[in-house]
Student: 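Below are the C-alpha cells for one structure; questions will follow.
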Amino acid sequence: MSIKEFITSIPVNKVGIKDILKFEKSPTNLLVAALTLLFLAFFVIGVGIYLVHGHHAYGVTRQHPWGLLIAVYIFFVVSSTGLCIVGSLGDVFGFKDYEMISKRAIFGSIVTILGGFAVIAFEIGHPVRMLIYNILSPGMRSAIWWMGTLYGIYLTFMIIEFIFLLKHDMKNARIFGLIGLLVGLAAHSNLGGVFGFLNSRTISNGVFYPTYFILTAFITGIYIAFIMMGFRYKLRFPDNAKVMLTNLALIQALLLAILMFFETWKMLTGIYGGMPGRADVAEHILTTWPFWAEVIFGMLIPFLVALLTKGKNHVMMFWASLIGMVGIFFMRYDLVHDTQLKPLQMMKTREYMLPPEWVHYFPSSTEMMISLGGLGIVVLLYYVGTKVFNLDADAH
Amino acid sequence: MARYGMALDYKNCINCKACEVACKEENGVLLGADKHRIWVGVKEVEGQWPNLDIVSNTFVPSQCQHCEDAPCQEVCPTHATYYDENHVVRVNSDKCILCSYCMNACPYDARYVDDRTMTVDKCTFCSDTRLARGETTTACQNTCPTKVRTFGDLDDPESEISILLKTRDHFSLKSHLGTNPKLFYLT
Ligand code: SF4
Ligand code: SF4
C-alpha cells in the first residue's frame with residue numbers, strides 16, 4: 001500500500017466548519033464554548049505582548065528564571081503521559097474493560113502535548129534555534145535535551161498509534177502504542193530528572209521527582225479520563241463505562257494513597273536533621289497555601305470521594321476529578337516555584353536591600369493569558385477531534 | 001593555552017565596588033541591578049553596640065567560579081555553554097536557546113539574561129575584551145585599589161597565582177557540590 005493510499009484510508013468524518021459549529025446549546029456547552037473562545041483570545045493577546053516585550057512581559061527574574069509557563073508546560077505533558085498510560089491499559093496491555101477509552105485517551109494525549117508545546121514555545125527564548133542545535137550540537141548530558149527529544153519522538157508514535165486505532169489495526173496499534181508508552185515514560189521521568197539533577201537545589205535534588213512524575217502522570221490521566229467520559233456521556237454513563245470507571249476510581253484511590261505516603265516521607269526526610277537549604281525550604285513550603293491547595297484538591301478530596309463511594313458514584317468522581325485537576329495545577333506550580341524558593345546568592349549585594357530570604361515570584365498577566373490560552377487550544381483541538389474522528393470504541 | 005583562575009584576598013576588600021563598575025565598562029554589561037557579571041556580597045556586622053561582632057562584617061567579592069566541573073555546562077541542551085581553550089566557561093550566544101536551565105543549575109547565581117541578545121551572559125574573565133587584546137589581566141583585577149584579585153594561569157607553576165595558592169591557605173565556595181571552582185578565597 002502506498003503512503004497516499006494509507007493516508008486516504010484513515011477513517012475520518014467529513015465535516016465542514018458548519019458541522020463543527022453545531023452543538024447542543026445547553027448551558028454547560030455554551031459556557032465551555034465561551035470560555036474556550038475567551039482563552040483563545042487571551043492566547044493571541046498574550047503572545048502579542050510577549051512578541052513585543054519579550055521576557056519583560058513575564059514575572060521571571062534572575063533568581064526565579066522559571067515561571068508559570070514552565071509549570072503549565074509540565075501540567076500539559078504530565079496530562080499527556082497520563083492519558084497515554086490510561087489509553088495503553090486497553091490497547092497495549094489488553095485489559096478489555098479499558099478498550100472503550102483507548103482511542104479517546106490517545107487522542108487526548110496528542111492534544112495535551114500539543115498544548116504544552118504551544119505554551120513552552122513562548123517561554124524558551126529561541127524555540128527555532130532549539131530545533132536546529134538540538135540536532136547539530138546535542139548536549140547529551142542535559143536532561144532537557146533528553147526530555148525534549150524523547151517527547152518529540154513520543155508525539156510521533158502517539159500519532160501513528162492513533163491512526164492505527166482509527167483503522168482498527170490493533171496489532172500495529174499495540175506495537176506503536178508500546179514503543180510510544182515506553183518513550184513517553186522515559187521522556188517524562190527525564191522531565192523529573194530536569195529537577196532531580198539540580199545539585200544546587202537540595203529540595204528537589206534526588207530520585208524523588210523522576211519517579212513521582214510517573215505516579216502523578218497516571219493519577220492525572222485518570223482524572224482526565226473521568227472528565228472526558230463525563231462530557232462524552234453527559235454524566236449518564238452506560239453500563240460498560242460504569243465498570244471501567246469504577247475500576248479506575250479504585251486504582252485512583254490506591255495511587256493517591258501511595259502519593260500521599262510519598263509526599264509525607266519527602267517532607268519528613270526534608271525536614272529531619274535540619275540540613276540548611278533543604279529543611280528550611282521544606283518547613284517554609286508547609287506554610288504556603290498553594291501547597292495545601294495541592295494536597296487538599298489534588299489528593300485528599302478525590303481520595304475521600306473514591307474511597308467513601310467505593311468508586312461507584314461516577315458523577316461525584318467526575319466532580320472530584322475536576323477539583324483534582326485544579327490540585328494538579330498547583331502541584332506543578334509548586335514543583336517549579338519551590339525548587340527556586342531558596343536564593344543561591346545569600347548575601348546582600350546592594351545598598352538599601354536586606355539579605356535575601358525567600359525568592360518571590362508572581363505570574364504576570366501575560367503569563368496567565370498564555371497559560372489559559374494553552375487550555376483553550378487543548379479544549380478546541382479535542383472538540384474538533386470529537387467531530388472529525390470517531391473516538392468511541394469500535395463495535396467488535 | 002592556559003588554565004585561568006583567580007585568587008581573592010577577600011579580607012582586603014573595602015566594598016568600593018570599583019570592580020563592578022570596571023566590569024560593566026570594559027565588557028559593555030547592561031545597566032540595571034540584576035544585570036551583573038560580578039558582585040560584592042556584604043555580610044553586615046552583627047550584635048548591638050557596644051557589643052559589636054566586628055569579624056562578622058565581611059565583604060565577599062564574587063562572580064562565575066569557572067568551575068572545572070561546571071553544572072551549567074552539563075545541563076546545557078545545545079552545548080551553548082562550553083569550556084574554551086583557556087578552561088574559561090563561556091556561552092556561545094548563537095547557540096543559546098534561553099531555556100534558563102543553567103541559571104537554575106549554577107549554584108552561585110552567576111548568570112543573567114542579556115536583553116540585547118536574549119541569551120544568558122556571565123563573567124568571561126574578560127576573554128572577549130582584554131584577553132583578546134593580548135592583555136593578561138581582567139578589568140576587575142586591574143582596577144582594584146587594595147589588590148584583592150590575582151588572575152593568572154594555574155598550570156604555570158611560576159605564575160603569581162600558583163605561588164599564592166602554594167603559600168597561602170585558601171578555600172572555595174560551596175566546594176561540597178563538587179564543582180571544583182577556579183576562584184580561590186585566601187584566608
Ligand atoms: S559558577 Fe556557575 S556559571 Fe560559573 S562555571 Fe560554575 S556553574 Fe557555571
Ligand atoms: S539558557 Fe542557553 S546557555 Fe543556558 S542551558 Fe539553556 S541553552 Fe544553555
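Residue numbers start from 1 in every chain, and the chains themselves are labelled A, B, ... in the order their sequence lines are given, proteins ahead of strands. We use all heavy atoms of the structure for the numbers below, so side chains are in, but hydrogens, waters and symmetry mates are not.
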Student: Taking every heavy-atom pair that is under 4.5 Å apart, which of His36(B), Glu44(B), Arg111(B), Lys43(B) has the most such pairs with chain A?
Tutor: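 Top option by heavy-atom pairs under 4.5 Å: His36(B).
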
Student: Distance check, rounded to the nearest 0.5 Å: Glu351(A) atom CD versus Asn15(B) atom CG?
Tutor: 6.5 Å

Student: Is there a side-chain contact between His55(A) and Leu98(B) (heavy atoms, below 4.5 Å)?
Tutor: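 His55(A) vs Leu98(B): side chains touch.
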
Student: With a 6.0 Å cut-off (strictly less than), is the heavy-atom count around CZ of Arg168(B), excluding the residue itself, greater than 12?
Tutor: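 Correct, the count exceeds 12.
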
Student: Can you tell me how far the CD atom of Gln63(A) sits from the CG atom of Asn104(B), to the nearest 0.5 Å?
Tutor: 11.0 Å

Student: Report, by ascending residue number, the residues of residues 25-33 of chain B in heavy-atom contact with chain A at a distance under 4.5 Å; give 'none' if the set is empty.
Tutor: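 Only Ala33(B) of residues 25-33 of chain B have a heavy atom under 4.5 Å from chain A.
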
Student: Looking at every non-hydrogen atom in both residues, tell me the closest pair between Arg129(A) and Ser93(B) and how far apart they are.
Tutor: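 Taking Arg129(A) first and Ser93(B) second, the nearest heavy atoms are NH1-O, 2.8 Å.
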
Student: What part of Leu198(A) gets closer than 4.5 Å to chain B, counting heavy atoms only: side chain, backbone, both or neither?
Tutor: side chain

Student: Backbone N or O of Asp34(B) within a donor-acceptor pair of the Arg62(A) side chain at under 3.5 Å?
Tutor: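 Here the side-chain-to-backbone pair exists.
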
Student: For Val40(B), is it the side chain, the backbone, both, or neither that has a heavy atom closer than 4.5 Å to a heavy atom of chain A?
Tutor: backbone

Student: Rounded to the nearest 0.5 Å, how far does OG1 of Thr349(A) lie from CH2 of Trp39(B)?
Tutor: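 Answer for the CH2-OG1 pair, Trp39(B) versus Thr349(A), is 9.0 Å.
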
Student: Side chain, backbone, both or neither: which part of Val60(A) has an atom under 4.5 Å from a heavy atom of chain B?
Tutor: neither

Student: So which heavy atom on Leu177(B) is nearest to which on Asn199(A), and how close?
Tutor: CD2-O, 3.7 Å

Student: Please tell me whether Asp115(B) and His56(A) have a donor and an acceptor in their side chains that are separated by less than 3.5 angstrom.
Tutor: yes

Student: Is it true that atom CZ of Phe197(A) has more than 12 heavy atoms of other residues, nucleotides or ligands lying nearer than 6.0 Å?
Tutor: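 For Phe197(A), atom CZ is not crowded (no more than 12 foreign heavy atoms under 6.0 Å).
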
Student: Return the OG to NZ distance between Ser137(A) and Lys95(B), rounded to the nearest 0.5 Å.
Tutor: 3.5 Å

Student: Considering non-hydrogen atoms only, spot the tightest contact between Trp66(A) and Ser100(B) and give its length.
Tutor: NE1-CB, 3.7 Å

Student: Within this structure, what is the CE-NE2 distance for the pair Met140(A) and His79(B), rounded to the nearest 0.5 Å?
Tutor: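 Those atoms lie 8.5 Å apart.
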
Student: Measure distances from Thr117(B) to the heavy atoms of chain A and classify the residue's part below 4.5 Å as side chain, backbone, both or neither.
Tutor: backbone

Student: Counting only heavy atoms closer than 4.5 Å, note whether Pro355(A) contacts chain B via side chain, backbone, both or neither.
Tutor: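 Neither part, no heavy atoms under 4.5 Å.
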
Student: In terms of heavy-atom proximity below 4.5 Å to chain A, should Cys76(B) be classed as side chain, backbone, both, or neither?
Tutor: backbone

Student: Does Pro107(B) offer a backbone N or O that forms a donor-acceptor pair with the side chain of Ser200(A) under 3.5 Å?
Tutor: no

Student: Mind listing the closest non-hydrogen atom pair of Tyr133(A) and Asp94(B) along with its distance?
Tutor: CE1-O, 3.5 Å

Student: Looking at chain A, which one of Gly178(B), Ser62(B), Ala105(B), Ala80(B) has the largest number of heavy-atom pairs inside 4.5 Å, strictly under?
Tutor: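 Option with the top pair count is Ala105(B).
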
Student: Can you establish whether the number of heavy atoms outside Leu354(A) located under 6.0 Å from its atom CG is more than 12?
Tutor: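 Result for CG/Leu354(A): open.
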
Student: Under the side-chain hydrogen bond (donor to acceptor under 3.5 Å, both in side chains) definition, can you give me all pairs with a residue in residues 171-183 of chain B, not counting sequence neighbours?
Tutor: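 Sorted pair list: Asp69(B)-Asn180(B), Tyr108(B)-Thr179(B).
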
Student: With rounding to the nearest 0.5 Å, note down the distance linking CE in Met130(A) to SG in Cys96(B).
Tutor: 12.5 Å

Student: Can you name the nearest heavy-atom pair linking Pro77(B) to Trp145(A), along with the distance?
Tutor: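 Smallest heavy-atom distance, with atoms named: O-CD1, 3.3 Å.
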
Student: Using modelled atom types and a 3.5 Å cut-off, is there a donor and acceptor pairing between side-chain atoms of His126(A) and backbone atoms of Met118(B)?
Tutor: yes

Student: Would you indicate whether Tyr272(A), at its atom OH, is surrounded by more than 12 heavy atoms from other residues, nucleotides or ligands within a distance under 6.0 Å?
Tutor: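 Open: at most 12 neighbouring heavy atoms sit under 6.0 Å from OH of Tyr272(A).
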
Student: State, to 0.1 Å, how close Ile124(A) and Ile97(B) come at their nearest heavy-atom pair, and which atoms those are.
Tutor: CG2-O, 3.2 Å

Student: What do you reckon, is CD of Glu160(B) surrounded by more than 12 foreign heavy atoms closer than 6.0 Å?
Tutor: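 No.
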
